[in-house]
2 protein chains.
Amino acid sequence: MAKAHPALLEDESDIERLLGYNLKRAYMIVRDDFRNQVEQSVLSPRAFSVLTLIVESSGMTQSEVARQLGIERSGLVAIIDDLEARGLAERRAVPGDRRAQALIATEAGYELHAQILARVQAHERALLAPLDRAEQVQLLTLLRKFRSAHEKDEAS
Amino acid sequence: MAKAHPALLEDESDIERLLGYNLKRAYMIVRDDFRNQVEQSVLSPRAFSVLTLIVESSGMTQSEVARQLGIERSGLVAIIDDLEARGLAERRAVPGDRRAQALIATEAGYELHAQILARVQAHERALLAPLDRAEQVQLLTLLRKFRSAHEKDEAS
DNA sequence: ACAATACTGTTTACTAAGGTAACAATATAT
DNA sequence: ATATATTGTTACCTTAGTAAACAGTATTGT
């Protein structure tokens, strides 16, 4: 009996053909590497992504950061608290809006971010080494295309 | 000053160029879709992956399933307990080894698995629709290549 | 001007997922 | 026989993330 929708990769088991399963397993590889090499009681992946955004776009409000990262505002509070307690970032009043808090990185925040980013980039290069240059670009490009097709509503 | 290692995608911010960040965001899209459309108090992503493996390879021991899925044996216990309580799978004694438990799916387990798998595949097709056929195959292929380069030690 | 509506940061409580360490029972190796 | 390894299990902990409510503030509609 003919398949109505032929699978993308014929030679694998059902679960190995699922996009979700492959994305999760691939992410776990990268995340474990991040934790082993970078996080040593420094910054969690989540806190690093928040600090990166603050460093790259100084002055964003908490809501803007949450939207951009696709996380809940409520989840951001503890992260900012932690970054602030460590002297890496600060909350600043927003002139026009007394509800909002603008986020800026401190000097120490910029420095730590630069350090960690360099290490993360080096480790991702190592992880991607089994793919040739063209494949690396393809993978990143396809992931970004997939994301932008589904994130229209939230992020920038 | 020239960059020692040119970035893969020149036109994006630092965080958007990171593999880990893109994998996580992409996975969250698929996972949220799974939860919205499939999980309705039926099976979590994790329980589904376990049931799928049991259905595809009947008789595996718990340790084998854990290794194959890249999760801890300890985490598997509750999932099997749940599948067993719902009459979807069973633990069976292994003839040669009195420590091990062989896992088999019940009739109900096979049926539910087939139902959910069909729904998951349909939803993944919809999610992948923004990519053309060649890109879909590329994405899956690259993810699997990336995984197999880093999972040598654990899974089959 | 006033009422309805929406947004911001926050707290609290919850679930899923996973990690670590220990344990008794059982297998395997020396 | 003794040491070592493996299996399933339990207990405890961390990270992520969700959901609902809240007071304070802004915006919109009339």
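These values consider heavy atoms only, across backbone and side chains, with no hydrogens, waters or symmetry-generated copies. The chains referred to below are lettered A, B, ... by the order of the sequence lines, with proteins before strands, and numbering in each begins at 1. None of the values given here were measured: they were computed from a predicted structure.
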Side-chain N or O of Ser44(B) closer than 4.0 Å to phosphate OP1/OP2 of dA17(C): yes
Nearest-angstrom distance from the residue atom CZ of Arg31(B) to C1' of dT15(C): 11 Å
Phosphate OP1/OP2 of dT7(D) contacted by Arg67(B) side-chain N/O (<4.0 Å): yes
Gln101(B) side chain to Gln62(B) backbone, donor-acceptor under 3.5 Å: no
Of the listed nucleotides dT20(C), dG8(D), dA16(D), the one nearest the side chain of Ser74(B): dT20(C)
Main-chain N/O of Arg91(B) paired to Glu84(B) side chain as donor or acceptor, under 3.5 Å: yes
Sugar-phosphate only, base, or nothing, as touched by Arg98(A) at under 4.0 Å among non-hydrogen atoms: sugar-phosphate
Interatomic distance where CE belongs to Met60(A) and P belongs to dT8(C) [whole Å]: 12 Å
Nearest-nucleotide comparison on DNA chain C, the residue closer to the 5′ end among Ile71(B) and Ser63(A): Ser63(A)
Protein-nucleotide distance (Asp81(B), atom CG; dT9(D), atom C1'), rounded to Å: 9 Å
Arg46(A) side chain near dG17(D) phosphate (N/O to OP1/OP2, under 4.0 Å): yes
Ion pair Arg25(B)/Glu16(B), N-O distance below 4.0 Å: no
Proximal nucleotide (of dG17(D), dT10(C), dT7(D)) relative to the Arg91(A) side chain: dT10(C)
Whole angstrom value for the distance that separates P of dT15(D) from CE of Met28(B): 18 Å
Parallel, tilted or perpendicular: rings of Phe34(B) and Phe48(B) (30°, 60°): tilted
Nucleotide dT10(D), atom C1' - distance to CD of Gln101(B) in whole Å: 15 Å
Between P of dT9(D) and CD1 of Ile79(B), the distance in whole Å: 13 Å
Interatomic distance, Glu111(B) atom CD to Thr106(B) atom OG1 [nearest 0.5 angstrom]: 8.5 Å
Touch class at under 4.0 angstrom, heavy-atom based, for Glu72(B) against every strand present: base
Spacing between Leu76(A) atom CG and dT15(D) atom C1', to the nearest angstrom: 15 Å
Arg99(A) vs Gln62(A), nearer the 5' end of DNA chain C by closest nucleotide: Arg99(A)
Spacing between Arg73(A) atom CZ and dG24(D) atom C1', to the nearest angstrom: 13 Å
